[in-house]
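To start, the structure itself, in structure tokens.
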Amino acid sequence: MRAVSALMLLLCAASPVLAKPGTPGPAYFSGSYERIGRQGGDAMLQNDRVTIAPDGQGVVIAGCTGAALTMSFGPAFEVTNLMTGTQAGVTVECLFHNNGYNRPILTCRAADGAAFTLWPLPAGAVACGG
């Protein structure tokens with residue numbers, strides 16, 4: 001019995017963090033967003049666009065320039081609307097909810113001082129070059 005418990009603990013620790021029950025999966029976040037907030041480090045204001053695409057059990061948030069932000073659900077089990085990840089080695093946390101049209105809105109902060117909100121663009125809007 002002890003060996004089975006140890007094996008279950010090992011398997012749970014090795015698997016990626018999945019969306020909590022009642023939380024939409026990665027495909028729910030697909031689309032183009034306007035990013036409004038401040039950059040980390042220099043605290044310059046930013047207003048640009050990004051694209052969110054599913055990546056396994058998480059998502060990738062990519063701007064028109066710079067490093068992509070890879071996010072996964074969790075790890076806080078009591079918080080069902082949390083995603084965490086890294087962008088160029090900087091830790092980022094995002095809380096998500098939805099607007100009146102059932103589209104996700106993400107409010108994010110990073111360890112380097114960046115803070116921004118991602119607002120969904122209308123369906124078919126292009127993040128880069130549009």
Side-chain angles (χ1 to χ4, degrees):
M1 183 68 175
R2 189 176 261 168
V4 172
S5 296
L7 180 60
M8 290 301 294
L9 182 62
L10 180 64
L11 289 174
C12 290
S15 63
V17 179
L18 304 175
K20 309 297 182 282
T23 300
Y28 172 71
F29 299 93
S30 294
S32 297
Y33 294 76
E34 185 171 14
R35 177 171 51 187
I36 302 170
R38 70 172 182 265
Q39 298 175 5
D42 58 14
M44 295 290 295
L45 296 179
Q46 69 182 76
N47 184 354
D48 61 357
R49 291 181 171 189
V50 300
T51 299
I52 299 181
D55 182 33
Q57 292 298 317
V59 298
V60 173
I61 302 172
C64 299
T65 60
L69 171 56
T70 303
M71 303 292 287
S72 61
F73 293 97
F77 293 103
E78 67 278 2
V79 180
T80 59
N81 64 332
L82 173 68
M83 284 195 283
T84 58
T86 59
Q87 181 177 30
V90 177
T91 302
V92 180
E93 299 175 335
C94 295
L95 292 174
F96 58 87
H97 55 284
N98 60 22
N99 64 13
Y101 298 104
N102 198 32
R103 293 288 299 134
I105 297 174
L106 291 85
T107 305
C108 307
R109 68 178 182 177
D112 66 356
F116 54 89
T117 299
L118 300 178
W119 297 93
L121 293 170
V126 179
C128 299

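One is the number of the first residue; the rest follow in order along the sequence. All of these numbers come straight from a predicted model, not from anything done at the bench.
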Give a yes or no on whether Phe116 and Ile105 share a hydrophobic cluster (residues Ile, Leu, Val, Met, Phe, Trp, Tyr; joining criterion: side-chain heavy atoms under 4.5 Å apart).
no

Backbone N/O of Gly113 and side chain of Arg38: donor-acceptor pair under 3.5 Å:
yes

Please test Ile52 against Val60 for side-chain contact (heavy atoms from CB on, under 4.5 Å), starting from the C-alpha separation and ending with a verdict.
CA-CA 6 Å; Ile52 299 181; Val60 173; over 6 Å; no

Heavy-atom closest pair, residues Ala127 and Thr51:
CB-OG1, 3.1 Å

Just distance, no hydrogens or angles: give the donor-acceptor pairs under 3.5 Å from side chains in residues 84-94, sequence neighbours left out.
| from | atom 1 | to | atom 2 | distance (Å) |
| --- | --- | --- | --- | --- |
| Thr84 | OG1 | Gly74 | O | 2.9 |
| Gln87 | NE2 | Ala67 | O | 2.7 |
| Glu93 | OE1 | Arg109 | NE | 3.1 |
| Glu93 | OE1 | Arg109 | NH2 | 2.9 |

Asp55: what forms a side chain to side chain donor-acceptor pair (under 3.5 Å) with it, not counting sequence neighbours?
none

When rounded to the nearest 0.5 angstrom, what distance separates CZ in Arg103 from CG in Leu121?
9.0 Å

Hey, are the side chains of Thr117 and Leu106 touching, using non-hydrogen atoms and a 4.5 Å cut-off?
no

Mark yes or no for whether Ser32, through its side chain, and Ala125, through its backbone, hold a donor-acceptor pair below 3.5 Å.
yes

How close do Cys128 and Gly63 get, heavy atom to heavy atom, and via which atoms?
SG-C, 4.2 Å

Can you measure from CG (Asp112) to CD (Gln39) and round to the nearest 0.5 angstrom?
9.5 Å

Is the side chain of Arg49 donor-acceptor paired with the backbone N or O of Val126 at a distance under 3.5 Å, no angle test?
yes

Dump the intermediate steps for side-chain contact (heavy atoms from CB on, under 4.5 Å) on Met83 and Phe29, then the final yes or no.
CA-CA 12 Å; Met83 284 195 283; Phe29 299 93; 4.0 Å; yes

Any side-chain heavy-atom pair of Asn102 and Tyr28 under 4.5 Å:
yes

For the residue pair Pro120 and Pro104, what are the closest heavy atoms and their distance?
CD-O, 3.3 Å

Under the side-chain contact (heavy atoms from CB on, under 4.5 Å) criterion, do Val79 and Asn81 qualify, and how do the steps go?
CA-CA 6 Å; Val79 180; Asn81 64 332; 3.3 Å; yes

Would you indicate whether the side-chain heavy atoms of Asp48 and Cys64 approach each other to under 4.5 Å?
no

How close do Phe73 and Pro24 get, counting heavy atoms only, and between which atoms?
CZ-O, 3.6 Å

